[in-house]
2 protein chains.
Amino acid sequence: MNIGQAAEASGVSAKMIRYYEQIGLIEPPARSQSGYRVYAEQNVHTLRFVRRARSLGFSVEETGALLALWRDRSRASADVKALALKHVAELEEKAAALQAMATTLRHLASHCHGDRRPDCPILDEIGAGS
Amino acid sequence: MNIGQAAEASGVSAKMIRYYEQIGLIEPPARSQSGYRVYAEQNVHTLRFVRRARSLGFSVEETGALLALWRDRSRASADVKALALKHVAELEEKAAALQAMATTLRHLASHCHGDRRPDCPILDEIGAGS
DNA sequence: GCTTGACCTTCCTATCATGGGAAGGTGTAG
DNA sequence: CTACACCTTCCCATGATAGGAAGGTCAAGC
């Protein structure tokens with residue numbers, strides 16, 4: 001399987017597969033005589049794991065830690081759970097921060113007439129600072 | 001006022017003040033004979049506006065649009081409100097995406113014993129892909 | 001066999017916002 | 001006069017991703 005097919009099968013772009021290899025997140029695959037990367041089903045499996053971890057908001061570095069745990073059959077499930085819950089806390093913190101911004105801004109907007117007149121409490125408040 | 005004092009007074013780092021000037025977000029300030037940037041109270045006011053807009057999650061580019069609206073006394077408040085509400089929608093979308101990740105992951109974690117045994121549904125599920 | 005087009009390779013560049021640091025000039029207090 | 005804090009510009013790094021250029025490879029069709 002060439003990189004394009006591995007990309008198709010895993011949902012990770014060829015560009016990103018090469019990048020993940022370059023930074024050491026995944027193992028360099030076999031090469032054909034002409035230098036093409038050759039992927040086996042196992043590699044695609046790993047790539048899918050990476051894609052799914054990324055889609056759950058894990059950074060590439062955290063994904064590397066998860067991969068190591070995935071491959072280490074002797075680690076305690078408590079280690080994995082701790083990592084996951086720590087990440088949940090970070091995600092919820094970020095979500096709350098964004099939601100707080102949205103709420104503040106929505107509040108400011110609710111005081112703005114939104115007509116043709118120029119006076120606007122949104123800009124007034126941003127300008128007043130806090 | 002030198003850049004350090006302007007940074008202190010506005011809450012924007014000296015590094016970022018120079019950067020904002022370089023990309024054209026803010027006007028180049030006056031310079032002293034020796035080439036030091038010299039800021040007036042008005043400049044600090046603008047910097048505070050920028051800091052506050054950034055803290056509400058507006059990108060630098062959007063902040064530039066807000067600044068233009070702020071300075072244009074003839075614009076309709078509806079224009080500002082539309083921009084603000086569009087941004088609110090984007091913020092809430094991002095917040096919801098993060099919260100969805102957190103919820104999924106918390107769900108996975110709830111099925112993990114979290115003890116010394118190695119079997120862990122979190123990694124199993126990430127590996128299984130979806 | 002030869003051409004064409006799809007694919008692969010590496011390498012360089014960009015994004016966005018921010019910080020770090022080097023090398024060198026300035027300003028001020030002791 | 002010296003020390004130290006501050007300023008200047010310039011370059012580099014981050015994290016994850018995309019775009020593109022220049023050149024090699026492979027398979028299908030003529």
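We name chains A, B, ... by the order of the sequence lines, and we start the count at 1 in each one.
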Please enumerate all protein N or O atoms sitting under 3.5 Å from an N or O of nucleotides 26-30 of chain C, with distances to 0.1 Å.
unit_1	atom_1	unit_2	atom_2	d
C/dT26	O4'	B/Y36	OH	3.1
C/dT26	O3'	B/S34	OG	3.4
C/dT26	O2	B/Y36	OH	3.4
C/dG27	OP1	B/S34	OG	2.8

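- Of all non-hydrogen atoms in B/A14 and B/I3, the two that sit nearest each other are O-CD1, 3.6 Å.
- Axis deviation across the helix from C/dG1-D/dC30 to C/dG30-D/dC1 amounts to 20°, comparing end segments of five pairs, rounded to 10 degrees.
- In this structure, CG of A/L47 is placed 16 Å from P of D/dA16, rounded to the nearest angstrom.
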Where protein sits on nucleotides 16-24 of chain C, one letter per nucleotide: B base, S sugar-phosphate only, - none, heavy atoms under 4.0 Å: -BBSBB---
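- At least one donor-acceptor pair closer than 3.5 Å links the side chain of B/S77 to the backbone N or O of A/D115.
- Aromatic ring orientation, B/W70 versus B/H45: perpendicular (interplanar angle above 60°, classes split at 30° and 60°).
- The phosphate of D/dT25 has neither OP1 nor OP2 within less than 4.0 Å of any side-chain N or O from A/R31.
- Hydrophobic clustering, with ILVMFWY side chains joined whenever heavy atoms are under 4.5 angstrom apart, groups A/I23 together with A/L67.
- The nearest whole Å value for the distance from the CE atom in B/M1 to the P atom in D/dC6 is 16 Å.
- A/L47 contributes atom CG, which lies 5.0 Å from atom CD1 of A/I17 (distance to the nearest 0.5 angstrom).
- Between A/R37 and C/dC8, a side-chain N or O to OP1/OP2 separation shorter than 4.0 Å is absent.
- Between the CZ atom in A/R106 and the CG atom in B/L85 there is a gap of 6.5 Å [rounded to 0.5 Å].
- The OH-C1' distance, from B/Y39 to D/dT8, rounds to 12 Å in whole Å.
- With salt bridges taken as basic N to acidic carboxylate O contacts below 4.0 Å, none links B/E90 and B/K94.
- The phosphate of D/dT8 has OP1 or OP2 within less than 4.0 Å of a side-chain N or O from B/R18.
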Evaluation steps, side-chain contact (heavy atoms from CB on, under 4.5 Å), between A/H113 and B/K81: CA-CA 8 Å; A/H113 298 300; B/K81 189 166 185 172; over 6 Å; no
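- Neither B/V88 nor A/M101 shares a network with the other; the hydrophobic side chains, linked directly or stepwise wherever heavy atoms of I, L, V, M, F, W or Y lie under 4.5 Å apart, form separate groups for each.
- When rounded to the nearest whole Å, the span between CD1 of B/I17 and P of D/dC7 equals 9 Å.
- For the pair B/R117 and B/D119, the salt-bridge criterion is not met [side-chain N within less than 4.0 Å of a carboxylate O].
- If you take CD of A/Q22 and P of C/dT10, they are 10 Å apart, rounded to a whole angstrom.
- Rounding to the nearest 0.5 Å gives a distance of 9.5 Å between CG of A/L123 and CG of A/L108.
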